[in-house]
Protein chains: 2
Amino acid sequence: MEGKTVAARIHDLDEQLTSAGRRAARGLLGNYPLLGLAPVAEFAAGADVSAATIVRFVAQLGFKSYPDFQRALREELEQRSKSPLQRGATPADHSGEAPYLSAFLAQSAHRMEESAALISPGEFETVCRRLTETKRNCHLAGGRFTDFLAGYLEAHLRLIRPGIRRLDGRPATSADQLIDVKPGDLAILFDVRRYDPAMLEVARTLSRRKAHIVLITDEWLSPIARHARYCLPCRTETGRTWDANAVLLGLVEAIIARVTELGWQTASERIGALEGE
Amino acid sequence: MEGKTVAARIHDLDEQLTSAGRRAARGLLGNYPLLGLAPVAEFAAGADVSAATIVRFVAQLGFKSYPDFQRALREELEQRSKSPLQRGATPADHSGEAPYLSAFLAQSAHRMEESAALISPGEFETVCRRLTETKRNCHLAGGRFTDFLAGYLEAHLRLIRPGIRRLDGRPATSADQLIDVKPGDLAILFDVRRYDPAMLEVARTLSRRKAHIVLITDEWLSPIARHARYCLPCRTETGRTWDANAVLLGLVEAIIARVTELGWQTASERIGALEGE
DNA sequence: CAATTTCTGTAACAGTAGTTCCACAAACGA
DNA sequence: TCGTTTGTGGAACTACTGTTACAGAAATTG
């Protein structure tokens with residue numbers, strides 16, 4: 001119990017967390033561990049919950065008090081900075097210029113691994129399981145630079161199971177698409193920064209219709225997060241002109257792989273039938 | 001005054017510090033910046049001075065209050081972790097069993113790094129340079145599961161430069177699209193395993209019309225490779241039902257990033273104009 | 001060597017943080 | 001659809017932390 005990192009504790013709880021508790025967890029993992037070192041009020045504001053929720057969250061993690069929790073974070077941070085490897089690691093790459101492509105791909109790869117830490121394993125698993133429930137329909141939509149992800153996921157899910165619907169983001173046409181959304185339906189939305197107002201509107205409508213929203217977003221969390229039951233954030237920041245959506249695709253492929261495994265009975269038949277053509 | 005790091009401020013003071021003040025400085029620099037994030041009492045104990053001294057020290061550094069000082073430290077830490085390659089931000093999570101998602105993303109990440117070795121840096125660079133030659137048109141096309149990559153690349157290249165054309169893979173319609181392909185034009189084709197015969201046909205035609213083909217494919221090389229002037233293969237094998245196209249998207253994003261850099265003059269203007277809307 | 005100045009730690013103070021309680025709202029199950 | 005349960009945020013409360021004043025200990029200078 002003592003030796004565990006705070007991040008690990010969060011992943012342990014995971015299922016037991018309530019909606020607001022989860023927002024707190026997301027916020028903290030989002031810029032870990034800095035938000036936890038701020039005063040409660042600031043943490044609360046950053047995670048978009050009340051101060052009371054933060055205190056409850058910290059108590060759930062097994063800490064006696066908020067200061068106690070902060071001490072744990074500091075000690076963790078101290079451990080990390082004292083461990084020998086990374087001191088040399090970061091500055092060393094200036095020696096002998098690495099080819100552009102290697103450096104770029106290494107960076108993307110690194111961000112992909114970081115994203116794994118950002119996403120709660122239980123939440124991922126839950127989302128995948130829900131995707132195998134073929135009784136409910138599943139709706140997909142993405143914004144300007146993420147719509148292709150929705151398309152990619154759609155193409156694969158269609159092979160695996162029935163009941164997949166694609167929404168387009170334009171408010172005009174989406175209105176009538178949204179009519180046949182039933183309570184309890186699943187909706188997977190993609191939204192990354194410069195967040196799309198149209199997507200937010202779609203999310204609002206879905207929320208009103210009691211659909212369960214799965215949000216796939218970047219580390220700064222789309223405003224849709226407030227309406228989302230499940231939230232899967234990825235590290236996309238590059239410091240360059242464009243953010244890295246390859247990480248998002250990695251996540252999408254992970255979902256496809258997992259859902260294929262879980263629903264292999266159905267999937268193999270369908271895929272077999274389609275391959276045959 | 002505002003932008004200075006706390007460490008820099010300490011060095012500035014230096015001579016002006018009294019004996020106890022210096023102990024405080026030593027303590028903080030000794031395990032920077034963690035001690036400063038602790039409560040005053042703890043900071044004091046760690047630096048072996050009284051709490052009052054710490055407060056005076058912080059005031060000397062130019063901060064209005066101790067909380068103010070801590071905020072500065074946190075912001076500094078946030079900056080640092082966000083700008084250059086993240087210092088091994090969240091690595092030490094390998095405790096215990098690796099969750100599905102982590103394992104999957106780690107695998108994807110690994111394959112991404114391998115791909116860097118697979119692709120000749122010179123070839124990559126050449127392709128990017130040719131993409132900045134705006135005198136020649138550039139045509140894009142992809143197969144069933146890769147067409148979205150062509151779309152993604154198209155969307156970004158359009159922002160950067162003129163003369164981008166998208167071909168669709170259907171032989172019927174592609175015929176007339178291919179009419180305005182001129183000798184020396186660039187054509188970027190995506191083709192991965194279970195290779196698309198239609199794509200091969202498109203490649204043949206392009207080849208006949210003396211277009212220079214850039215092929216983005218998997219490690220087993222599409223048959224198009226014979227017609228391609230440049231060939232950029234990626235590791236996509238997963239051993240599962242589906243191959244990993246996230247690696248391909250990584251490569252595409254690398255191209256986008258590099259081309260943006262090379263043609264920044266043109267690109268920045270165009271992007272700026274479009275952002276303005 | 002003594003008087004003066006500067007610096008330091010202790011102890012009381014004040015303010016702000018963390019904590020807790022309660023009423024309300026949302027989700028769940030009958 | 002209605003009651004029950006659970007979760008949530010606002011507001012009061014408490015406790016701790018940062019702050020400040022003061023008195024004693026060094027250090028410095030005449």
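Each chain gets a letter, A, B and so on, in the order its sequence line appears, and its residues count up from 1. Everything numeric in this text was worked out from a predicted model, so none of it was measured.
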Show the atom names and distances, to 0.1 Å, of all donor-acceptor pairs under 3.5 Å that link a side chain in residues 49-61 of chain B to residues at least two apart or in another chain.
| unit_1 | atom_1 | unit_2 | atom_2 | d |
| --- | --- | --- | --- | --- |
| B:Ser50 | OG | B:Thr53 | N | 3.4 |
| B:Ser50 | OG | B:Thr53 | OG1 | 3.1 |

Exercise. Could you tell me whether A:Glu125 and A:Arg258 have a side-chain N and a carboxylate O separated by less than 4.0 Å?
Key: yes
Self-check item: Cationic N near anionic O, under 4.0 Å, A:Asp218 to A:Arg194
Solution: no
Quiz prompt | Whole-Å distance separating the CG atom of B:Asp48 from the P atom of C:dT8 | solution = 13 Å
Quiz item: How long is the line joining NZ of A:Lys64 and P of C:dT20, in whole Å?
Solution: 11 Å
Got a sec, which residues hit side chain to side chain donor-acceptor pair (under 3.5 Å) with [X], two or more places apart in sequence or on another chain?
| X | result |
| --- | --- |
| A:Asp243 | A:Arg193 |
| A:Thr132 | none |
| A:Arg204 | A:Glu201 |
| A:Arg209 | none |

Quiz item: Who pairs with A:His156 by ring pair (Phe, Tyr, Trp, His ring centres under 6.0 Å), at least two apart in sequence or on another chain?
Solution: A:Tyr152, B:Phe145, B:Trp242
Exercise. Using five base pairs at each end, measure the axis-to-axis angle across the helix from C:dC1-D:dG30 to C:dA30-D:dT1 and round it to 10 degrees.
Key: 30°
Short N/O separations, protein against nucleotides 12-18 of chain D, under 3.5 angstrom:
| unit_1 | atom_1 | unit_2 | atom_2 | d |
| --- | --- | --- | --- | --- |
| D:dG18 | OP1 | B:Val40 | N | 3.4 |
| D:dG18 | OP2 | B:Val40 | N | 2.8 |

Quiz item: Does NZ or CZ of A:Arg9 lie under 6.0 Å from the centre of the six-membered ring of A:Phe63, at an angle within 45° of the ring axis?
Solution: yes
Practice problem: Kindly indicate whether a cation-pi arrangement holds for B:Arg240 with B:Phe104, taking the cut-offs as under 6.0 Å to the six-membered ring centre and within 45° of the axis. | Solution: no
Name the pairs: protein N/O against N/O of nucleotides 25-28 of chain C, kept only if under 3.5 Å.
none

Quiz item: Taking only residues two or more places apart in sequence, or in another chain, which ones meet B:Leu37 in a side-chain contact (heavy atoms from CB on, under 4.5 Å)?
Solution: A:Leu37, A:Arg74, B:Leu73, B:Arg74, B:Leu77
What protein N or O atoms touch nucleotides 5-8 of chain D N or O atoms at under 3.5 angstrom, if any, and at what distances?
| unit_1 | atom_1 | unit_2 | atom_2 | d |
| --- | --- | --- | --- | --- |
| D:dT8 | OP1 | A:Thr18 | OG1 | 3.4 |
| D:dT8 | OP1 | A:Ser19 | N | 3.4 |
| D:dT8 | OP1 | A:Ala20 | N | 2.5 |
| D:dT8 | OP2 | A:Thr18 | OG1 | 2.5 |

Quiz item: Applying side-chain hydrogen bond (donor to acceptor under 3.5 Å, both in side chains), which residue pairs with at least one partner in residues 63-72 of chain A are found, sequence neighbours left out?
Solution: A:Arg71-B:Glu42
